[in-house]
> 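I'd like to ask some things about the structure below.
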Number of protein chains: 2
Amino acid sequence: MNYSIHEVAEKFGLSAHTLRYYDKEGLLPFISRNKSGNRTFTELDLNWLAMICCLKNTGMPIKDIKQYSAWCKQGIETIDERKELLQEHRKQVVKQIEELQKNLELIDSKIATYENPELARQLDEQLERARSTV
Amino acid sequence: MNYSIHEVAEKFGLSAHTLRYYDKEGLLPFISRNKSGNRTFTELDLNWLAMICCLKNTGMPIKDIKQYSAWCKQGIETIDERKELLQEHRKQVVKQIEELQKNLELIDSKIATYENPELARQLDEQLERARSTV
DNA sequence: ACTTGACTTAGAGTTAACTCGAAGTACTAC
DNA sequence: GTAGTACTTCGAGTTAACTCTAAGTCAAGT
């Protein structure tokens, strides 16, 4: 069972434009074409694309994903490079999660002040006072 | 104790260019100037900037942060709007964290295959075979 | 045969968020 | 008073990641 570019776009919440862009940028080096020259995606290609989207959604730049794709295409002699790239990226993702959690706390504390109208009013006044005394 | 734009930039890991850009975009509506016309940041301004950076680093677009800033400047009559904006944004942040954690699992499983050379070799071969049979 | 619709390419245009450069002003040290 | 440094504004330039347009191909349906 193969999929057209629009079916895949639908499945992944991307546009066909974006998929062609990824292909052009070298992120989809495995995608085959049918006799008309149209891209056809296999189940295996969907797995591949899922990995690409995972990297993209965790903030890896297109050019790094391209490097990763190139290494995969090259074969088993690049497994060390791929492993190192993913391990480095993993650290970045863990850091992102930690920072988001820290920022979430700040957002929550701000919402808490808004839940307490008296407190919020005081904070606003404090800002106001700070302004007028500079 | 007041701070110059470069001191603040240093503190926050931003450039003075970026801070001026934020000011121009309306993200720093409270910043005062000294008699020379230079921006001076108070401790209170640093708290404000920390909140702005928090929103920015959790993916809120500049234009939304600008709206939030405008509401803060307007005063206590906009507390409901601010609260709603932050609550909505909070949901987005929680979603981001969840997605990152899900993606982290996929990255970890991929790294795991690379830790196991035999498995990695098989996966590479599988891709290869898929290619040659289309 | 001809229309329709889905695909193709190359390349131009868009958007957000900076990032920089030029020209000017103001305080500071000699 | 003038050289140097740190700031100012305005507006142009950059970058990443799309997003779209135009012109064309191909296969199916009537």
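Below, chains carry the letters A, B, ... as their sequence lines are ordered, and counting in each starts from 1. Every heavy atom of this structure was used, including side-chain atoms; hydrogens, water molecules and symmetry mates were not.
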> On DNA chain D, check which nucleotide each of B:Ile5 and B:Lys24 is closest to and give me the residue with the more 5' one.
B:Ile5
> Regarding B:Ser4, tell me which of base, sugar-phosphate or nothing describes its non-hydrogen contacts under 4.0 Å with the strands shown.
sugar-phosphate
> Can a donor-acceptor pair be found, under 3.5 Å and without considering hydrogens, that links the side chain of B:Ser4 to the backbone of B:Glu7?
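Present.
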> Would you mind reading off the distance between A:Glu25 atom CD and C:dA10 atom P, rounded to a whole angstrom?
12 Å
> State which residues pass side-chain hydrogen bond (donor to acceptor under 3.5 Å, both in side chains) with A:Arg90; sequence neighbours excluded, sorted by chain then number.
B:Asp108
> Output the rounded distance in Å from CG (A:Asn38) to P (D:dA27).
9 Å
> In whole angstrom, give the distance that lies between atom CG of B:Asp23 and atom P of C:dA17.
17 Å
> What integer distance in Å separates A:Lys63:NZ from D:dA16:C1'?
11 Å
> For nucleotides 28-30 of chain D, tabulate all protein N/O to nucleotide N/O atom pairs closer than 3.5 Å, reporting atom names and distance.
none

> Using a cut-off of less than 4.0 Å, is there contact between a side-chain N or O of B:Arg33 and OP1 or OP2 of C:dA26?
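No, because none of the side-chain N or O atoms of B:Arg33 sits under 4.0 Å from OP1 or OP2 of C:dA26.
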> Below 4.0 angstrom from OP1 or OP2 of C:dC18, is there any side-chain N or O of B:Tyr22?
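Yes, such a contact exists.
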> Pair up each side-chain donor or acceptor in residues 98-106 of chain A with any protein partner under 3.5 Å, not counting sequence neighbours, and list the distances.
unit_1: A:Asn103; atom_1: ND2; unit_2: A:Glu99; atom_2: O; d: 3.3

> In terms of side-chain heavy atoms of A:His17, which of C:dT19, D:dC7, D:dC20 is nearest?
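Selected nucleotide (nearest to the side chain): D:dC20.
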> What is the ring orientation for B:Trp48 with B:Tyr68, classed by angle as parallel under 30°, tilted 30 to 60°, or perpendicular over 60°?
parallel
> Got more than 12 heavy atoms from elsewhere within 6.0 Å of CD, A:Glu10?
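It does not: A:Glu10 CD has 12 such atoms or fewer within range.
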> Can you give me the N/O atom pairs linking the protein to nucleotides 27-30 of chain C at distances under 3.5 Å, or say none if there are none?
unit_1: C:dC27; atom_1: OP1; unit_2: B:Ser36; atom_2: OG; d: 3.0

> Report all side-chain donor-acceptor pairs from residues 50-65 of chain A shorter than 3.5 Å, counting only partners two or more places apart or in another chain.
unit_1: A:Lys56; atom_1: NZ; unit_2: A:Tyr22; atom_2: OH; d: 3.4
unit_1: A:Asn57; atom_1: ND2; unit_2: A:Cys53; atom_2: O; d: 3.1
unit_1: A:Thr58; atom_1: OG1; unit_2: A:Cys54; atom_2: O; d: 2.8
unit_1: A:Thr58; atom_1: OG1; unit_2: A:Leu55; atom_2: O; d: 2.9
unit_1: A:Thr58; atom_1: OG1; unit_2: A:His89; atom_2: NE2; d: 2.7

> Side chains of A:Tyr114 and B:Gln87: any donor to acceptor distance under 3.5 Å?
no
> Heavy-atom distance under 4.5 Å between the side chains of A:Glu115 and A:Ile111, does that happen here?
yes
> Under 4.5 Å between any side-chain heavy atoms of B:Leu27 and B:Tyr21, yes or no?
no
> What parts of residues 52-61 of chain B reach DNA chain C, counting only heavy atoms under 4.0 Å away?
B:Lys56, B:Pro61
> Do the side-chain N or O atoms of B:His6 get closer than 4.0 angstrom to the phosphate oxygens (OP1, OP2) of D:dC7?
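Checking D:dC7 against B:His6, a side-chain N or O does come within under 4.0 Å of OP1 or OP2.
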> Starting at atom CD of B:Glu10, determine the distance to atom C1' of D:dC7, rounded to an integer number of angstrom.
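It works out to 17 Å between those atoms.
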> Would you mind telling me which of C:dT19, D:dT9, C:dA17 lies closest to the side-chain atoms of B:Arg39?
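Closest of the options to the side chain of B:Arg39: D:dT9.
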> Can you tell me the distance, in whole Å, between the OH atom of A:Tyr21 and the P atom of C:dG11?
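So the two atoms are 16 Å apart, to the nearest Å.
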> Is any side-chain heavy atom of B:Val8 closer than 4.5 Å to a side-chain heavy atom of B:Leu46?
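The answer is yes, as the side chains (C-beta and beyond) meet within the 4.5 Å cut-off.
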> Calculate the interatomic distance between A:Leu27 atom CG and D:dA16 atom P; express it in whole Å.
14 Å
> Looking only at the side chains, is there a donor atom on one of A:Tyr3 and A:Glu43 sitting less than 3.5 Å from an acceptor on the other?
yes
> Do B:Asp45 and B:Thr42 meet the criterion of a side-chain donor-acceptor pair at a distance under 3.5 Å?
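Yes, a side-chain donor-acceptor pair sits under 3.5 Å.
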> Separation of B:Asn34 atom CG from D:dT8 atom P, in whole Å?
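Atom-to-atom, B:Asn34 to D:dT8, this comes out as 8 Å.
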